[in-house]
Each structure stands twice: as structure tokens, then as C-alpha cells.
**Student:** 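Structure provided below as C-alpha cells; questions to follow.
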2 protein chains.
Amino acid sequence: MPEAKSPNRYTLRDVARRAGVSLGTASKALNKSGTLRSETRDKVLLAANELGFRPNDLAQALHRGQSFTVGLISNDSFGRFTMPIMEGLETVLHEAGIALFMCNATDDPEREKRHIDQLLGKRVDGLVFTGRRADRRPAPGLALGNLPVLYVFSQSDEPDAACLLPDDEGGARLATEHLLALGRTRIAHVTGPEDFEAVRLRRRGYEASLSQVDPTLILHGPWSEAWGREAATRLLALPNRPDAIFAGNDQIARGIVETLRDKAIAVPDDIAVIGFDNWSVMAEASRPQISSIDMNLKSLGEEAGHRLIRMIRGESQGGTSRLPCTLVPRASTTTTP
Amino acid sequence: MPEAKSPNRYTLRDVARRAGVSLGTASKALNKSGTLRSETRDKVLLAANELGFRPNDLAQALHRGQSFTVGLISNDSFGRFTMPIMEGLETVLHEAGIALFMCNATDDPEREKRHIDQLLGKRVDGLVFTGRRADRRPAPGLALGNLPVLYVFSQSDEPDAACLLPDDEGGARLATEHLLALGRTRIAHVTGPEDFEAVRLRRRGYEASLSQVDPTLILHGPWSEAWGREAATRLLALPNRPDAIFAGNDQIARGIVETLRDKAIAVPDDIAVIGFDNWSVMAEASRPQISSIDMNLKSLGEEAGHRLIRMIRGESQGGTSRLPCTLVPRASTTTTP
DNA sequence: TTGAAAGCGCTAACAG
DNA sequence: CTGTTAGCGCTTTCAA
């Protein structure tokens, strides 16, 4: 019934026939394996070229027991954070000749299970999980045997799972120390919901950088500009106003900056502001533009690719590692840009 | 050398052995093909279950000449527009048991060629191209035979290529007519660079909705908030100010709204503003929130999936189709939200 | 109703 | 140095 045929009609046998050699010889020539006379090899390569021959990876994979594919399961419905990760991952894997299956599970365990099932059927060489929230997530229910599994921007409950995350705490320290270096003494922290591990880690980095923390300067709320505006208003009403604000993300930072602008409070002179994520459409559209912490997600994706390749080779084992963040200064913390 | 083994060690032969039947019988039982005694079938299914048997798609594909995979090649480096398209596409394909290879070409022809090559090697059943700019793009250089190829949010030069796009012109008409329905008479259009086909189409829709167009009210510039701010300033300096502005995207719209806010011009009472893209982080963070036109990209992706499946079945042929946009009214055009 | 066998396209071990 | 052959795991005639 399936009449559909791949565009490449030619098989190795066709190449061999055209080159006037045997099947095995053609295979050796194309895989540079065994020892052939260079004349014969050239004959085969020529024939292959003329025919536009392209080996059938399916057959290769079937034989070798390795498919040169990996699956990526995202729980962020391909959101803003997943994108650069995917990009870095795909680049590195592609260079290694590995193709990437994309699956979107959107935090639906049933969907995720079906995806894993499908990927196992396709005999992927590895699996990458990624998710919007870098919180602990349950290990996938299915038996994966010893299939390499990597969690990126996401974590597993299994003790020695391989996880790759940005160093949120370090990033927060970067931000806070940047503000301290400006000579600021009362630094507020307006951030996201406390049930995000990233929020807790960033807060910890912030607190660790200060000689003493003032709890009235720490405000949790949703990840939105509206919250940034509200929090700014609250901070301004304080008897002892902050002279700097470290925001948990760039949307909050932008809300803060806009409110300060509305009230004609100079940024950064009166109050310096720094965000997190370095989301350029936010940070650069704001007036003034917002300094931020970049999580280097593309590098995270690239590192994930390298690590997964090592795991597939059987070289590397699990464990959590965190990649450093980078400070991106802009006008909201620097008087002369 | 490749010692890597898939987690599923069990083969159909193992299942057959365990069920005490022949290989062929096991296959028939699992594929519900042929006619077997229900007793035998159950025996096989039981054995398969106990073993956690999962057929090897590679072997199936090799035999059937159909891989149940398709490739998606993005030129948007997995950007904001590609995401929802991917999401819709993946959902529909997954339901049909088809897995999606993700490739990022980023407008690099060489990279794109390598990706296509790899995908052909994997014997994909179809190919989807997508790109940030819905402009004409050259057909891929390689011979694809009669492999189904679909362009989504992107186009090909081949005359009868299958293309799926949002109806930009219709969307622009929706926006303009919405403003007209508010009783506005001087409607400006602040939009993106003229070399985008989408910009030209939206402008055409805008012009088509007006009884007479005033060229001084049409401004082209970059896709940024900064441009929105500048354009707004220019429009306000006009002797005969507009009473409504249709922006080419939500970033421009937001720049406009902010400038109006700065100058204490009431939105929508003095000047109504509508955007395009319905990018909620922009539209909903603005004060007031911005009405916009939604391109329904997720639906576009879903429709792409359905269409591609039809093409794979050999059912459907090429041609360009455009899917309708939707008006999403918010406070920037409606006095009582 | 079930079993045996051929073959999808390729690789690798073994002969010649 | 090159040809032959036996599979990888599955589906599908064709016999029994």
C-alpha cells in the first residue's frame, strides 16, 4: 500500500553495478574501510556521484544499532528559553551528523510518555529533556535502559542524573556586585514566585553578596511588567528608599524602569536597575536600556550537545553542572554608556 | 565498534519464541493483519507486553519505504514566529505517528543544503520550510524527486509549490475596518521595511479599506519600539493629526502608545492604536493594552501538518493558501473594555 | 490458521 | 585486493 518512495531511487547495489564492482567493494570504497586500490575506489565514488547516491541511514542504523538521532522533549511548548537552547544543541549535534527529533510535551505526562515511546521506537541514541522552569521534575516513567539522558534547563529526581543549568546564584551575585561597585548601599530585589528554584537561587546569590540584607527590600510576585510597576511603587513608598534594584527578570525590570520614569526619578542616578535573562526586545526597548544578566542559553545548548555526544560514546557520566552567566551592562546602571 | 545498544533488547523473534509461535504469526498478531485465531493473537500480545516489546521503526521503515518522519527546516533560528508554527505542526504530526526532525539553517544556503542532505539520508517522508520573512525564497538546490515539500510562513519560486501563509492583507483590512467602525477618519499606518512582502500586503489591505489614502500618513521604518516612538512624534507634528494609527507590528504599536502616553494624549479617545502579531508580552504589558491582529500561527502549523499528511498520502497537490487572521480587541481601541 | 522464506539496503566477516 | 555471504528486525507473499 505505501507507494511513497524516497527521492533517491539508487541503492548501493546500483552504484556497484555501474562501477562494475561488487556490493562489498562499493561499500568499502564509500566508507573508506578495508583496503582497496585507489583506482577502484575512484571508480566507485564516480559512479556514486553520477547517480547522486545517498546511503539509506535507516539501513545503516538497523545494521549498526545506532541511529544517529536524538530526541528533545520540551515542556515549555517551545518557548522563549527553549529556543536558544535548541539552537545551540542542534548546531553541535548536526556537526556530529546527529539529527534532532523535536517533541513538545507541555507538562502533560501522558503526552510525554507517548513521545518517549515513539522516540524509543525510532531507536534514538539519546534523550534531552528541557523545560520552562528549572525545577526538579520527576524522572520519566518508562524504562529507558541505559539510554543516555540529559536534562537541560531542567532537573531530575534521580540522584545521579545528568543535568545542565545556568548558574542562577552566580548570575545574581554578578548583578548585585555590579550594583555594589556603583556605590549603592540599599539594593532591593524584586523577583518572581518563590516556588521557582531559580528564584530561590537568585535570591541566595543576592543575599550572599550583601553584608546585611533588609527583608523589606525583597519582593516576590508574578513574572510580569505589571508586577514590576507595582513593586516599584511600593518601594518608592518606603521610608528609606532603595538606591538600586535587582529585578528577577527583564520584564519586571522594565516595569520598574517605566514607573521610575513616570515619577521622574533618574535611572541610574537616583536608582540603578538591573534585570535578568538579557531578553533584548525588552532590555533594549526600555528607556533607559536595561542592564541584565545573560544566562548564555545558546552555549548551554551547545554544551548539552557536547556532553550528550560524550554520553553516547559511553565516555561521560552524570551529575549536575551549572554554566556561568554574564553581565551585560546598559544605560540603566552606567552613567556614561 | 558502536557498542551503544537501544534500551529495548527484545525483538519480534523474542516475542514469537516466548509466545510459542512463528515470527510471521507474531508479526500478524501485532499488526492486526492477516487472519489469526484470537487465542493465538492474545498469546502474542501477552508475550509482547511482558517483554515490553517495542517494534524497531527503523526496520519497519526500511521495509515499507516510509519512515514516518518529516523534516522541518527553519530559517528563523527558531524565532518567535517559528515557535507556534512548530508547535501546531508537531501536535498534528505526532497524532499521525509522524516524528519531526528540527533543523535550523539560519538563511545559510550551505547549511540548508547539508540539512536537506541529512534528511534525505534519513528518508523523511516530507519536508517543511519555514522562515522569519514570508518572502519568496529560492527553491532548495537539491533534487528532491517527488518528495512532498511544504512552505509555511515562507514561499518558493517554483510556480506550483505548496505554500501556507497568513492572510496579511485580510488582517490589515480587519484592523483598518475596526478603526473605521470606531468612527475614525484619519487613520495612519506605521509599519516595517518595504522589502517585506508582508509589509506590502498589509499596506494594501489598509489602503483597500479606505475611501481615500493620504500618503503622508504612511510611514515605513524598522520593526522596533524606537521606530514606533519616532513615527508617533512625526505624526503628532502633522498639521492634521491622525485620530487612529494602525501599526505594522506590536513593537511599533507599543512605541507609539508610549509616546502618546508621554505627551498625555488619550488612547483610544484622542488616538486609537492597533498593532499586528498579537504578541501578548508586548500587547498586554502596554498601557493601555494594545488591540492587535492575530495571525493564528499555531493553526497555521496545524493546517500545515494536515496538508503535509495529505501530500504524503499522495492526495493533495500544491498551490498557495492563506489562512485568515483574527482581531483581538483590547483597551487601545475600545473605550469600555 | 500458521510456518517458512525472501528481501528492504547496508555492513562486516570471511573466502578467494 | 575484491567477491560472496550472512545477517540487522521487520513485513509479506507463498506453502503447508
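Chain A is the first sequence line, chain B the second, and so forth, proteins listed ahead of strands; every chain is numbered from 1. Keep in mind that this is a model prediction, so the values were computed, not measured.
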**Student:** What's the shortest heavy-atom distance between B:L51 and B:Y10, and which atoms?
**Tutor:** O-CD1, 3.2 Å
**Student:** Verify whether one side chain among A:T106 and A:D108 offers a donor that lies under 3.5 Å from an acceptor in the other.
**Tutor:**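 Result is no, nothing qualifies.
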**Student:** A:L62 has an atom CG; how far is it from atom P of C:dC8, in whole Å?
**Tutor:** 13 Å
**Student:** What pairs with B:H63 under ring pair (Phe, Tyr, Trp, His ring centres under 6.0 Å), at least two apart in sequence or on another chain?
**Tutor:** none
**Student:** Taking only Lys NZ, Arg NE, NH1 and NH2, and the carboxylate oxygens of Asp or Glu, determine whether B:R310 and B:E303 approach each other closer than 4.0 Å.
**Tutor:** yes
**Student:** Would you say the side chain of A:H63 and the base of D:dG7 hold a donor-acceptor pair, judged only by whether the two atoms sit under 3.5 Å apart?
**Tutor:** yes
**Student:** What is the distance, rounded to the nearest whole Å, between atom CD of A:Q66 and atom C1' of C:dT11?
**Tutor:** 14 Å
**Student:** Please state how far atom CZ in B:F68 lies from atom C1' in D:dT11, giving the value in whole angstrom units.
**Tutor:** 13 Å
**Student:** Grab the CG-C1' distance between A:L30 and C:dT11 for me, whole Å please.
**Tutor:**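 After rounding, the reported distance stands at 12 Å.
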**Student:** Would you mind reading off the distance between A:D14 atom CG and C:dC8 atom P, rounded to a whole angstrom?
**Tutor:** 11 Å
**Student:** Round to the nearest Å and state the distance from B:L12 atom CG to D:dT11 atom P.
**Tutor:** 6 Å
**Student:** Write down the protein N/O and nucleotide N/O pairs, taken from nucleotides 1-5 of chain D, whose separation is under 3.5 Å; answer none if there are no such pairs.
**Tutor:**
from: D:dT2; atom 1: OP1; to: A:R37; atom 2: NE; distance (Å): 3.2
from: D:dT2; atom 1: OP1; to: A:R37; atom 2: NH2; distance (Å): 2.8
from: D:dT2; atom 1: OP1; to: A:T40; atom 2: OG1; distance (Å): 2.7
from: D:dT2; atom 1: OP2; to: A:R37; atom 2: N; distance (Å): 2.9
from: D:dT2; atom 1: OP2; to: A:T40; atom 2: OG1; distance (Å): 2.8
from: D:dG3; atom 1: OP2; to: A:S22; atom 2: N; distance (Å): 2.8
from: D:dG3; atom 1: OP2; to: A:S22; atom 2: OG; distance (Å): 3.4
from: D:dG3; atom 1: OP2; to: A:T25; atom 2: OG1; distance (Å): 2.7
from: D:dG3; atom 1: O6; to: A:K28; atom 2: NZ; distance (Å): 2.6

**Student:** Please confirm whether the shortest side-chain N or O distance from A:S27 to OP1 or OP2 of C:dA12 is below 4.0 Å.
**Tutor:** no
**Student:** B:S154 and B:F129: which non-hydrogen atoms are nearest, and at how many Å?
**Tutor:** CB-O, 4.0 Å
**Student:** For B:N56 and D:dC8, is the shortest distance between a side-chain N/O and OP1 or OP2 below 4.0 Å?
**Tutor:** no
**Student:** Between C:dT1 atom P and B:E39 atom CD, what is the distance in whole Å?
**Tutor:** 12 Å
**Student:** For a quick test of reading the model: is some side-chain N or O of B:Q60 closer than 4.0 Å to OP1 or OP2 of D:dG9?
**Tutor:** no
**Student:** Measure OH/A:Y10 against P/C:dC10 and give the value in whole Å, please.
**Tutor:** 14 Å
**Student:** Which heavy atom in A:A96 sits nearest to a heavy atom in A:I309, and how many Å separate them?
**Tutor:**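 In terms of heavy atoms, the two residues are closest at CB-CD1, 3.6 Å.
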**Student:** Testing A:V128, A:L150, A:I312 one by one against A:R307 for a side-chain contact (heavy atoms from CB on, under 4.5 Å), which residue passes?
**Tutor:**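 Only match with A:R307 under side-chain contact (heavy atoms from CB on, under 4.5 Å): A:L150.
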